[in-house]
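All ligand and atom numbering here is 1-based and tracks the order in the structure.
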Amino acid sequence: MRLSRYFLPVLKETPAEAQIVSHRYMLRAGMIKQQSAGIYSWLPLGFKVLRKIENIVHEEQARAGHVPIQMPIMQGADLWRESGRYDDYGAEMLRMQDRHGRDLLFTPTAEEMVTDIFRSHVSSYKDLPLTLYQIQWKFRDEIRPRFGVMRGREFYMKDGYNFDLTKEDALHAYNRHLVSYLRTYERMGLQAIPMRADSGPIGGDDTHEFLVLADTGESEVFYDSAVTDLTFGDREIDYDSHDQCKAILEEFTSKYARTDETHDEALFNDVPDERRRTARGIEVGQIFYFGTKYSEPLGATVQGPDGKPVPVHMGSHGIGVSRLLGAIIEASHDDKGIIWPEGVTPFHCGIVNLKQGDEEADAACEALYKSLSALGLEPLYDDRKERAGGKFATMDLIGLPWRITVGPRGLKNGVVEVTSRRTGESEEMTPELAVAKIAGIYEGHMVRGL
Ligand code: 5CA
């Protein structure tokens, strides 16, 4: 992409309404535009990161053997009356009527609808286990939408639902989701700690939330600092293996880590003094096991091995896809702007031409742009006739992890400069080596963008 042809409406001033850094930078970097309270348009840069995050989620869901579907945003009220949640859900559910006076709602989650799909098409235990998921817009009429995409009213969520014959199989699905989520967040450059939580309106006994530690987080959390030493890394795991998934769950959840909803002072006091931490966190996902809470009222049964009908055991598993943009920025920025982790960066590197219009500099930038693109990389080439200072400020604000700077002086010596956004360190090298360096950084970590 050439910046002269892109749509990057960068703001000079800090918008007064933005209270936290991720919201400020998303507005300033021209990623989103608020249209109503908690409702946003996604501008090209924001949309590109959203798609990258979404694609990582899809890739990791595929690895775990889960099957993507898409359910409607507008749902009829009848299914929700069957489960009893139409009346229970309260003011967060946005309700309306169509021209025939039929009750409709904007989906806040989809346990009922996915259970309806299941009961219509699956009748034998032989078709289990099955996990269906979608990434779809949700609406919750939050009483206090705030912090930009962190607590929106309209937001983008991955919601997955497992169907299993037995409680044991459903708990395996729970563990499998926990493992796949650990991988998913790490690929985005995040540490998200599973913490025992409360199940709220989804229901059920077993639930963990995934929290990214950040001072601006909305949840108060209590944990043993040893949990922050755990990383999943690139271990190979067999998602069908109950033992392997369970072992990972135990590794990541045996140390004390709870949100304020389930915090237990007595248990917390058993953690050695020097490792006891109280902090704030951003909830970027939650997994639930709730057994037959929806399958019983909705009649989602299968014929078991003995021929008798049994209600399936279920759980649901969510990732806050749009919230993740805010969480990643909260975890990775400095006073100049965003610092995207390589896994989700909208463009792999920036190319800054210090002297647009200089024949040699223009030709060198074009050549870099073509070589990087030919390797499947996406550079953002700042080809505007702007001062170098302004170009650097824009690059720093939008946070591309790598920048190649090209100017007549360096070119005289046959070199360009490669700079890391994270460390600020620069290295001079030939354009060929610069391309090889950037390609090497992203090797094996390419995520499709838009
Ligand atoms: N049906 C279940 C799991 S699929 C469910 O709805 N779970 S949830 O309520 O915990 O939502 C899943 C994730 O969506 C949360 O962990 C959070 O990251 C994100 N989320 C929830 N509410 C909002 C909101 N108002 N704005 C942005 N993200 C949200």
Side-chain angles (χ1 to χ4, degrees), residues 20 22-23 26 32 34 36-40 42 50 53-54 57 61 66 68-69 71 75 80 83 85 89-94 106-115 131-163 173-174 177-178 180-181 184-185 188 190 192-204 206-212 214 216-219 221 259 261 281-290 293-294 314-328 330:
I20 62 171
S22 57
H23 190 194
M26 286 184 78
I32 50 170
Q34 181 171 319
S36 303
I39 301 178
Y40 293 87
W42 292 80
L50 188 69
I53 290 175
E54 179 178 359
V57 172
Q61 289 299 301
H66 304 159
I69 58 172
M71 292 179 272
Q75 301 191 352
W80 290 72
S83 73
R85 274 209 297 183
Y89 216 97
E92 262 189 28
M93 183 190 272
L94 186 67
F106 194 122
T107 177
T109 173
E111 280 78 7
E112 284 77 359
M113 187 156 286
V114 78
T115 307
T131 295
L132 300 174
Y133 80 94
Q134 66 173 349
I135 302 181
Q136 176 64 292
W137 293 96
K138 302 292 185 302
F139 195 94
R140 292 182 187 172
D141 203 355
E142 299 276 353
I143 194 157
R144 234 165 30 114
R146 57 182 187 154
F147 299 160
V149 299
M150 288 280 200
R151 182 160 298 277
R153 291 198 296 165
E154 189 176 280
F155 61 99
Y156 207 35
M157 191 212 279
K158 173 264 172 183
D159 45 324
Y161 306 86
N162 68 283
F163 300 91
Y174 184 91
H177 277 88
L178 183 128
S180 72
Y181 281 21
T184 303
Y185 297 122
M188 299 174 189
L190 280 180
I193 304 166
M195 299 200 182
R196 189 158 281 286
D198 183 58
S199 64
I202 309 291
D206 277 316
T207 182
H208 282 92
E209 285 179 0
F210 288 77
L211 285 117
V212 173
T216 49
E218 291 189 292
S219 317
V221 298
T259 63
E261 295 157 343
I282 303 166
E283 179 205 327
V284 292
Q286 187 164 9
I287 54 177
F288 302 84
Y289 163 74
F290 46 66
K293 175 176 166 156
Y294 298 93
M314 293 175 59
S316 71
H317 315 278
I319 293 181
V321 175
S322 50
R323 177 179 287 182
L324 273 164
L325 276 95
I328 293 168
E330 290 296 325

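In terms of N/O distances under 3.5 Å, ligand 1 is not approached by H317. Polar contact check, K158 against ligand 1: no nitrogen or oxygen pair lies under 3.5 Å apart. In terms of polar-atom proximity, E142 is counted as a contact of ligand 1, with an N or O under 3.5 Å from an N or O of the ligand. Ligand 1 has a nitrogen or oxygen under 3.5 angstrom from a nitrogen or oxygen of G152.
Using a 4.0 Å cut-off between heavy atoms, Q286 contacts ligand 1 through both its backbone and its side chain. By the criterion of a heavy-atom distance under 4.0 Å, neither the backbone nor the side chain of F210 is placed next to ligand 1. Under 4.0 Å from ligand 1, not a single heavy atom of K138 appears. The residue R153 has no part lying near ligand 1, judged by heavy-atom distances below 4.0 Å. Contact annotation: for E283 versus ligand 1, heavy atoms closer than 4.0 Å belong to both the backbone and the side chain.
Each of the atoms 1 (N), 2 (C) of ligand 1 lies under 4.0 Å from some heavy atom of E111. Atoms of ligand 1 lying under 4.0 Å from any heavy atom of V284, numbered from 1 in the order shown and given with element: 16 (O), 18 (O). Numbered from 1 in the order shown, with element, the atoms of ligand 1 that lie under 4.0 Å from a heavy atom of D159 read 4 (S). Taking a cut-off of under 4.0 Å to the non-hydrogen atoms of V149, the atoms of ligand 1 that pass are 27 (C). With ligand atoms numbered from 1 in the order given, ligand 1 contributes 16 (O), 18 (O) to contacts under 4.0 Å with heavy atoms of G285. When each atom of ligand 1 is checked for a heavy atom of R151 under 4.0 Å away, the hits are 26 (N).
Using a 4.5 Å cut-off on side-chain heavy atoms (C-beta onward), V114 and D159 make no contact. Residues T131 and H177 form a side-chain contact, since some pair of their non-hydrogen atoms from C-beta on lies under 4.5 Å apart.
Classification of R85 and E111 as a salt-bridged pair holds, one side-chain N sitting under 4.0 Å from a carboxylate O.
Of the N and O atoms on the side chains of E283 and S219, not one donor lies less than 3.5 Å from an acceptor on the other residue.
Between F210 and Y181, a ring centre-to-centre spacing shorter than 6.0 Å is recorded.
Between W42 and S322, the closest heavy-atom pair is CZ2-CB, 3.7 Å. Contact between H208 and P194 at its shortest, heavy atoms only, is CD2-C, 4.3 Å.
Looking at V212, V57, L325 one by one, the single match for side-chain contact (heavy atoms from CB on, under 4.5 Å) with M188 turns out to be V57.
Of all the listed residues (F155, F290, F139), F155 holds the heavy atom that lies closest to atom 22 (N) of ligand 1.
Within the structure, ligand 1 has F288 among the residues with a heavy atom less than 4.0 angstrom away. Remark: distances from the non-hydrogen atoms of E209 to ligand 1 are all 4.0 Å or more.
How far OH of Y174 is from OG1 of T207: 5.0 Å, rounded to the nearest 0.5 Å.
Between the side chain of R140 and the main chain of P108, a donor-acceptor pair closer than 3.5 Å is present. Checked by atom type and distance alone, the side chain of Q75 never pairs as donor or acceptor with a backbone atom of T107 at under 3.5 Å.
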